[in-house]
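Read the structure below first, then the notes.
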Amino acid sequence: MEIRVRFAPSPTGPLHIGGARSALFNYLWARKNKGTFIVRSEDTDLERSSRESEQNILESLRWLNIQWDEGIEVGGEYGPYRQTDRLALYRNYTDQLLNSGHAYYCYCTEEELEQERQALIATGETPRYLGKCRQLTPEQQAVFVAAGRKPVVRFRVPEGQAIHINDQVRGDVVFESDGIGDYVIVKSDGIPTYNFAVVIDDTTMNITHVIRGEEHLSNTPRQVLIYQALGLAVPEFAHISLILNTEGGKMSKRDGDTAVMDYQQKGYLPEAIVNFIALLGWAPSGEEEFYTLDELSDVFSLDRVSKSPAVFDIQKLNYINAHYIKEASAERLAELALPYVEEMGILPRGERSAEQQQWLISFIEAISEKIAYLAEVKDYIHYFHGEVPLEAEGEAREVLRGEQVPAVLALFEEKIREAELLSGATVKILLKQMTKELKLGGKFVYMPVRVALTGQMHGPELYDIIPLLGRENVLKRLKVTERRYLG
Ligand code: GLU
């Protein structure tokens, strides 16, 4: 049997990490089984859904390289792939359920429902619909209709039934039908609810596996009852665990970025995000922690998806991203770093000279081992660009008080002026010569030079900093330091 899986987001906001993980697991399951991965849109919440959110979701998936075989924008023989374009289809199934007595019209008003709710809460019972409109006669219905009431359609939940869900992650999960209460499947405006529309979509699209977040587990019995009422086969379910923050709470904006595109904007690499989210709830069998999308497609399996919550640890993501940054070419990184460099006004927007491009590449090469994501290039620019170093403070300021410092800086200035070409190699030689000529240990030479040029005790290699700063800026920075501290 062909494996068919789907990602069915509600386009009510940007794609978040949790949604991306659901999409990824479905994608991987399809690839692994040479099946089909579908992306469709659950846009029946008319107020909160927008095409803008839908675009963000699709763009995020494309950025992550999670491609779908069928669905929105791609098409396919089971379309349309937006729920609002499928209303007639739901109508057919609603009629079937009404005709077979599995569903009925309910005319209760909001106030009546609220009263019922409060009464149940007062007696300590689970609030649920008690079935007031279950047995309305056609005459009673006519009275409501004449009064202008618009009905909803409710599903008639059978009494005393144990609903078994054979979940691929959680095993046999049992729900009692008695706690459920007849639920709305079509709202008074004729729009189906999620639990109903999702079943019709999954069945008409021949979905074999429903892989989604644990938050939907409690919806599943409601969906299973609809399959049963329509005499349809139930797909396999796999509910993947929640993603928690490192404190064990629900992930929220406070824990940093939750939208996928926020990570793009910070300069994370898509392959790192994919690798990271794959490990949120799925564990490989060996020690290896780095996986490309293709490798994941080979090794992914539902039986290694964990029941316990996954923890979103930004340190881990940074570690993984740093790994992929080290693997990426300087050209690619330069391209990705460009927006931050431009934003700081270091390079012009648009066209760059060959020299500027070379500067950018060398800059990236000098720091690519130090950064976790590309927006961090902004923290390093001051080492490599501009005429004025940062202020030397604390220990760094102390360094410049050493008695050898004036001689060191004077000789350094002379060597910089004399050097024909400032490259990493010539700078290395030049610094070495200085220690010999001054008969000083390396530290007594390198540290004052470093502080004089950058104001800092630590940072990228001097033989990277000096050529990138260029002779002019090096000399100007020395002047500033002399004026500030040695005058
Ligand atoms: N629209 C649902 C959501 O965004 C998807 C539910 C499902 O996959 O069945 O959470």
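Counting starts at 1 for both ligands and their atoms, following the listed order.
Using bins of under 30°, 30° to 60° and over 60° for the plane-to-plane angle, the ring pair Phe363/Trp359 lands in the parallel bin.
Annotation: Glu159, atom CD; neighbour count of heavy atoms from other residues, nucleotides and ligands within 6.0 Å does not exceed 12.
Between the side chains of Asn275 and Tyr324, at least one donor N or O lies within less than 3.5 Å of an accepting N or O.
Protein residues are said to neighbour a ligand when one of their heavy atoms lies under 4.0 Å from it; for ligand 1 these are Arg6, Ala8, Pro9, Ser10, Glu42, Tyr194, Val198, Arg212, His216.
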Identify all side-chain donor-acceptor contacts of residues 340-347 below 3.5 Å with residues at least two apart in sequence or on another chain.
residue : atom : partner : partner atom : Å
Tyr340  : OH   : Gln265  : O            : 2.6
Tyr340  : OH   : Gly267  : N            : 3.0
Glu343  : OE2  : Lys378  : NZ           : 3.0

Under 3.5 Å, side-chain donor or acceptor atoms of residues 278-287 against the rest of the protein: list the pairs with distances, not counting sequence neighbours.
none

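Under the rule for a ring-ring contact (aromatic ring centres under 6.0 Å, His included), the partners of His323 that lie at least two apart in sequence or sit in another chain are Phe290.
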